[in-house]
Protein chains: 2
Amino acid sequence: MNEIKHRTHCPISYALDIFGDKWSLLIIRDLMFQNKKTYGEFLKSEERISTNILADRLAMLECAGLLSSKQDTENKSRKIYSLTAKAIDLVPVIIEIINWSATYDFETAAPKEFIARIRTDKQTVINELTAYLKSTL
Amino acid sequence: MNEIKHRTHCPISYALDIFGDKWSLLIIRDLMFQNKKTYGEFLKSEERISTNILADRLAMLECAGLLSSKQDTENKSRKIYSLTAKAIDLVPVIIEIINWSATYDFETAAPKEFIARIRTDKQTVINELTAYLKSTL
DNA sequence: GGAAGCACTTGCATTTTACAAGTGAATTTA
DNA sequence: TAAATTCACTTGTAAAATGCAAGTGCTTCC
């Protein structure tokens with residue numbers, strides 16, 4: 001995978017050049033909240049990503065330093081993907097997005113108690129999730 | 001502009017269906033931080049959006065309820081765009097993205113003092129920016 | 001009244017995405 | 001141990017989105 005081209009060094013533009021598309025953050029979400037780790041697991045998500053786009057995004061995110069991968073020790077044809085520290089540092093971004101969507105999507109699938117916790121004790125939610133994800137590094 | 005199709009009610013997916021592309025958040029950024037308000041001003045941003053995409057995104061963001069527009073009272077052929085409350089509520093998301101990019105882009109254009117303020121007093125930065133933007137509603 | 005400004009639209013080439021099918025290595029099954 | 005299946009992709013092709021250059025139709029300035 002070729003390097004990501006950054007249009008400018010504006011921080012918003014820099015971020016969008018990495019995850020400003022319809023799929024990348026869904027892969028990150030699956031790793032953060034669903035304990036998914038393999039190509040086949042990501043493929044099963046209900047948004048129905050197509051196989052070539054998933055392969056492309058996994059390679060791109062690895063190239064961008066958000067994912068790392070290693071061969072499964074039990075199954076040589078399976079790769080285990082995991083979040084890097086750079087991706088784990090997106091936890092606050094993800095939490096704020098969840099909070100925003102839960103406010104404006106009246107049919108949101110976000111669990112009510114989770115949203116309530118974000119609203120009463122956001123920093124703790126962020127700290128706990130971050131600590132959990134870092135503990136698996 | 002036709003309604004936005006949401007793939008699922010997952011909060012991440014919901015948000016990406018609205019602003020998960022390379023341009024929408026740059027328009028929001030220009031409204032939030034650069035005091036830009038018109039088509040011509042957005043067009044001048046250094047990322048060089050093309051004219052048809054800008055027109056498409058302005059219509060889409062208005063349809064999604066993030067922007068409102070009115071005719072300029074002084075110039076009938078000019079439209080003034082402004083952020084709605086729904087877009088202003090993205091301030092925390094934007095601030096977290098800026099913080100993340102400033103961490104990982106070693107050549108970030110984000111002003112050092114602004115990043116420092118985000119890191120020492122994030123909530124105040126968010127509150128002040130939000131209050132300022134809401135004061136112009 | 002003509003020129004210029006402004007906010008778009010149009011046409012077309014290029015790139016990206018979606019969908020279906022195929023591939024080859026590793027693993028499981030008979 | 002040979003055959004079938006799983007797994008992680010790749011390939012081909014059609015459809016959609018994007019980029020670029022040019023054009024359009026108001027409005028305002030001179």
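In what follows, chains carry the letters A, B, and so on, assigned in the order in which the sequence lines appear, proteins first and then strands, with residues in each chain numbered from 1. The figures here come from the full heavy-atom set of this structure, side chains too, leaving out hydrogens, waters and symmetry mates. None of the values given here were measured: they were computed from a predicted structure.
- A/Asp56 has its CG atom 13 Å from the P atom of D/dT11, to the nearest Å.
- Atom CD1 of A/Ile115 sits about 6.0 Å away from atom CG of A/Asn99, to the nearest 0.5 Å.
- The nearest heavy atom of DNA chain C to B/Arg78 and to A/Glu74 marks one nucleotide each, and the one closer to the 5' end goes with B/Arg78.
- Taking atom NZ of A/Lys5 as the reference point, atom P of D/dG19 lies 13 Å away to the nearest angstrom.
- Atom CG of A/Asp72 and atom P of D/dT6 are 17 Å apart (whole Å).
- The base of D/dT6 is not paired with the side chain of A/Ser77 by any donor and acceptor separated by under 3.5 Å.
- Among the atoms of the strands shown, none is found under 4.0 Å from any heavy atom of A/Phe42.
- Residue contacts shown for A/Asn52 include a base, since a base heavy atom lies under 4.0 Å away.
- A/Tyr132 OH: 12 or fewer foreign heavy atoms inside a 6.0 Å radius.
- Along DNA chain C, the nucleotide closest to B/Leu58 and the one closest to A/Trp23 are compared, and the more 5′ of them pairs with B/Leu58.
- Phosphate contact (OP1/OP2 of D/dC9, side-chain N/O of A/Tyr81, threshold under 4.0 Å): present.
- Classified by interplanar angle (parallel below 30°, tilted 30° to 60°, perpendicular above 60°), the ring pair B/Tyr14/B/His6 is parallel.
- Rounded to whole angstrom, the span from the CD1 atom of A/Ile49 across to the P atom of D/dC9 amounts to 13 Å.
- Taking 4.0 Å as the cutoff to heavy atoms of chain A, we find the contact window on DNA chain C bounded by C/dT17 to C/dT27.
- By the rule that hydrophobic residues join a cluster once side-chain heavy atoms approach within less than 4.5 Å of another member, B/Ile80 and B/Tyr39 end up as members of separate clusters.
- D/dT13 atom P lies 18 Å from atom CD1 of A/Ile53, rounded to whole Å.
- Residue B/Arg57 places at least one side-chain N or O closer than 4.0 Å to OP1 or OP2 of D/dT18.
- The distance from atom CG of A/Asn75 to atom P of D/dC9 is 12 Å, rounded to the nearest whole Å.
- Rounded to whole angstrom, the span from the CG atom of B/Asp21 across to the P atom of D/dA17 amounts to 12 Å.
- One can place NZ of A/Lys70 at 17 Å from C1' of D/dA8, the figure rounded to the nearest angstrom.
- Partner A/Ile28 forms a side-chain contact (heavy atoms from CB on, under 4.5 Å) with one of A/Val91, A/Ile88, A/Leu66, A/Val93 and no other, that one being A/Leu66.
- Counting any heavy atom pair closer than 4.0 Å across all strands shown, B/Lys22 reaches no nucleic acid atom.
- From B/Ile4, atom CD1 reaches atom CG of B/Leu61 across 7.5 Å, with rounding to the nearest 0.5 Å.
- Scanning both residues, A/Ile18 and A/Met60, for their nearest heavy atoms gives O-CE, 3.3 Å.
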